[in-house]
Amino acid sequence: MLLPFFLPFLLPFLPFSHPYPEQALGNLDFPDPSITYDPRTQKWYSFATQSASIHVQAASSPFFFPSTWSLLPKVDLLPVPGKWVNSVNPLIWAPDVHYINSSSTGQKWIMYYSGLLSGSEYHCVGAAVSYTGILGPYEAGDEPYICPVEQGGAIDASGYEEDGKRYVVYKVDGSAKGPGGPCGNGIPPGEPTPLRLQEVYWDDGVTKIGEEVELLDRDSELDGPLIEAPNLVKIEGKWVLFYSSHCYNSGDYDVKYAVSEEGVKGPYVRGGQLIGKLRGNFGFRSPGGASAVVLESGRGGMVFHADCGVGRCMWETEWVMGRDGVVGVVE
Ligand SMILES: *[C@@H]1O[C@H](CO)[C@@H](O)[C@H](O)[C@H]1NC(C)=O
């Protein structure tokens, strides 16, 4: 079924009769999946949060839309997460990998991830680099990369590039130091959990350029204790910030989006839910942690997770942006 108000804009973008969303990797715990195309191997890759003793899980597919994901079993892209990470319980979350091909420093793959800061109850964002290929080995930095400890740390970093500029978006993890309630931050007024944007050098993906910029913060009426899992794309001349709200283990977790028409730094106007209880409801339990790519004019693909009984399993879907700026999932 198509959403009726999309109909005039959707028809050019319906090359498949395939129904989406579709479970992408079987009943495997693969939370917070990211997605990236690797020009070296000419395959698509998805990376996911720690499951059992594997810090960074990986899956690949020769195509995306339609895709045939397969888990790369027993592969851990980040066996040594860095000296700054708690070595007993590293809790590596939400990895994201970007390919860098610099005319001055050559080819590399940069991984952003979150880990439990040693001697702390908070997570911070780390960066690791591979010079050999997308599957590593990745060498982690000795120090955390983005670590506002006094604000609760930072998690869920993902990269974004456009027109020779590179950025990292991430969540300030204020909910980790909140006063209690759902996800530890549901008792008013709670702590802020802003999504921030940091410009970085094109050639290394980590050296910071200027100050970070706040893109969006939680609205406790709309978002409950937090917003997190930011992911940026540009489509039809607009910037779309996908994110999740509410606690990841609650029935209110979702995929939301906000749109900026003026620039990557915003202002971002909330567009509401893409996948969740109120809209784009496919019967998912706690969907969220999405990553998107633009596939062609007005049309993109997305991976996300939903509770599947054995953990959080990966799903994929197609999405479109109509001329009115409304983003929707194609059923
Ligand atoms: C990387 O850049 C070099 C030029 O600097 C180019 O020759 C090469 O094709 C690029 N590789 C990929 C995989 O894009």
Side-chain angles (χ1 to χ4, degrees), residues 32 34-36 47 78 81-82 84-85 92-102 105 108-115 117 120 122-129 138-177 191-218 226-234 238-244 257-260 262-268 289-293:
D32 308 310
S34 59
I35 184 163
T36 190
F47 303 102
L78 196 67
W84 61 274
V85 175
I92 304 300
W93 296 344
D96 183 53
V97 171
H98 282 249
Y99 173 71
I100 295 177
N101 189 10
S102 153
T105 56
K108 65 188 123 187
W109 291 258
I110 183 89
M111 179 193 290
Y112 310 107
Y113 60 98
S114 317
L117 183 64
S120 167
Y122 301 142
H123 270 68
C124 282
V125 168
V129 64
Y138 283 86
E139 193 182 318
D142 290 342
E143 303 289 331
Y145 174 47
I146 298 170
C147 199
V149 176
E150 64 293 344
Q151 295 166 71
I155 63 170
D156 292 347
S158 69
Y160 169 70
E161 54 260 334
E162 67 170 57
D163 300 337
K165 289 193 172 189
R166 215 179 275 286
Y167 301 88
V168 180
V169 287
Y170 60 94
K171 171 208 182 190
V172 176
D173 202 14
S175 41
K177 63 176 282 217
E191 293 287 329
T193 64
L195 308 181
R196 287 187 180 154
L197 175 82
Q198 173 70 58
E199 188 179 350
V200 295
Y201 275 1
W202 180 257
D203 281 347
D204 67 11
V206 288
T207 304
K208 294 169 186 168
I209 301 176
E211 294 289 305
E212 72 273 8
V213 176
E214 184 173 320
L215 303 184
L216 200 69
D217 199 355
R218 77 186 181 99
L226 60 86
I227 55 174
E228 61 187 15
N231 185 248
L232 257 181
V233 297
K234 188 178 184 185
K238 299 181 172 78
W239 290 264
V240 180
L241 176 67
F242 292 104
Y243 61 98
S244 292
Y257 72 96
V259 177
S260 166
E262 288 173 40
V264 67
K265 295 178 179 174
Y268 284 87
S291 291
V293 289

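All values reported here derive from a predicted model rather than from experimental measurement.
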Problem - D203 and S102 side chains, donor-acceptor separation under 3.5 Å - result: yes
Exercise for the section: Output every pair passing salt bridge (Lys or Arg N to Asp or Glu O under 4.0 Å) with a member in residues 138-154, not counting sequence neighbours, ordered by first then second residue. Expected result: K83-D142
Problem - Test side-chain contact (heavy atoms from CB on, under 4.5 Å) applied to Y138 and I110, V97, V129, the passing residue - result: V97
Practice task
Considering non-hydrogen atoms only, spot the tightest contact between A157 and V168 and give its length.
Solution key: CB-CG1, 3.9 Å
Exercise for the section: Look only at the side chain of N231 and the backbone of S291, and say whether a donor-acceptor pair between them is shorter than 3.5 Å. Expected result: no
Completion exercise
Here the pair of heavy atoms bringing E262 nearest to W239 is C-CZ3, 3.8 Å
Problem - Nearest heavy atoms of I100 and G205, plus distance in Å - result: CD1-N, 3.7 Å
Completion exercise
Output for pair (L216 CG, K171 NZ), nearest 0.5 Å, gives 13.0 Å
Practice task
Measure from the side-chain N and O atoms of Y122 to the backbone N and O of D173, and report whether any donor-acceptor pair falls under 3.5 Å.
Solution key: no
Exercise for the section: Step through the shown structure and confirm whether more than 12 heavy atoms of other residues, nucleotides or ligands are within 6.0 Å of NZ on K165. Expected result: no
Exercise for the section: Measure the spacing between CD of E212 and CD of E199 and express it to the nearest 0.5 Å. Expected result: 13.0 Å
Problem - Polar side-chain atom of D96 near backbone of G159 as donor-acceptor pair, under 3.5 Å - result: yes
Handout entry: Any side-chain heavy-atom pair of V169 and L197 under 4.5 Å
Key = yes
Exercise for the section: Name the orientation class of the two ring planes belonging to W93 and H123 (parallel below 30°, tilted from 30 to 60°, perpendicular beyond 60°). Expected result: parallel
Practice task
Sequence neighbours left out, what passes side chain to side chain donor-acceptor pair (under 3.5 Å) with T193? Give chain and number order.
Solution key: none
Exercise for the section: Measure the OG-CZ distance between S175 and R218 for me, rounded to the nearest 0.5 Å. Expected result: 8.0 Å
Handout entry: Residues forming a side chain to side chain donor-acceptor pair (under 3.5 Å) with Y243, sequence neighbours excluded
Key = R270
Problem - E214 side chain reached by Y268 side chain, heavy atoms, under 4.5 Å - result: no
Practice task
Decide yes or no on side-chain contact (heavy atoms from CB on, under 4.5 Å) for L195 and I227, but give the supporting numbers first.
Solution key: CA-CA 8 Å; L195 308 181; I227 55 174; 3.7 Å; yes
Problem - Within 6.0 Å of NZ in K238, more than 12 heavy atoms from elsewhere - result: yes
Problem - Residue list, ring-ring contact (aromatic ring centres under 6.0 Å, His included) with F242, at least two apart or on another chain - result: W319
Practice task
Please report the closest heavy-atom contact between V264 and L215, naming both atoms and the distance.
Solution key: O-CD2, 3.8 Å
Handout entry: Backbone N/O of A290 and side chain of S244: donor-acceptor pair under 3.5 Å
Key = no
Exercise for the section: Report the C-alpha distance between V149 and C124 in whole Å, list the side-chain angles of each, state the deciding distance to 0.1 Å, and finish with yes or no for side-chain contact (heavy atoms from CB on, under 4.5 Å). Expected result: CA-CA 8 Å; V149 176; C124 282; 4.3 Å; yes
Practice task
Tell me, with the steps shown, if T207 and V200 meet side-chain contact (heavy atoms from CB on, under 4.5 Å).
Solution key: CA-CA 5 Å; T207 304; V200 295; 5.9 Å; no
Exercise for the section: Find out whether L117 and C147 are in side-chain contact, i.e. whether some heavy atom of one side chain is under 4.5 Å from a heavy atom of the other. Expected result: yes
Completion exercise
Those residues at least two apart in sequence (or on a different chain) that pass ring-ring contact (aromatic ring centres under 6.0 Å, His included) with Y99 are W109
Practice task
Starting from the C-alpha separation in whole Å, work towards a yes-or-no answer on side-chain contact (heavy atoms from CB on, under 4.5 Å) for M111 and F47.
Solution key: CA-CA 10 Å; M111 179 193 290; F47 303 102; 5.6 Å; no
Handout entry: Shortest non-hydrogen separation from A140 to Y113 and the atoms involved
Key = CB-OH, 3.4 Å
Fill in the blank from the handout: Minimal heavy-atom distance between R166 and Y201, with the atoms involved, is CD-O, 3.9 Å
Completion exercise
By salt bridge (Lys or Arg N to Asp or Glu O under 4.0 Å), E191 pairs with (sequence neighbours left out) K177
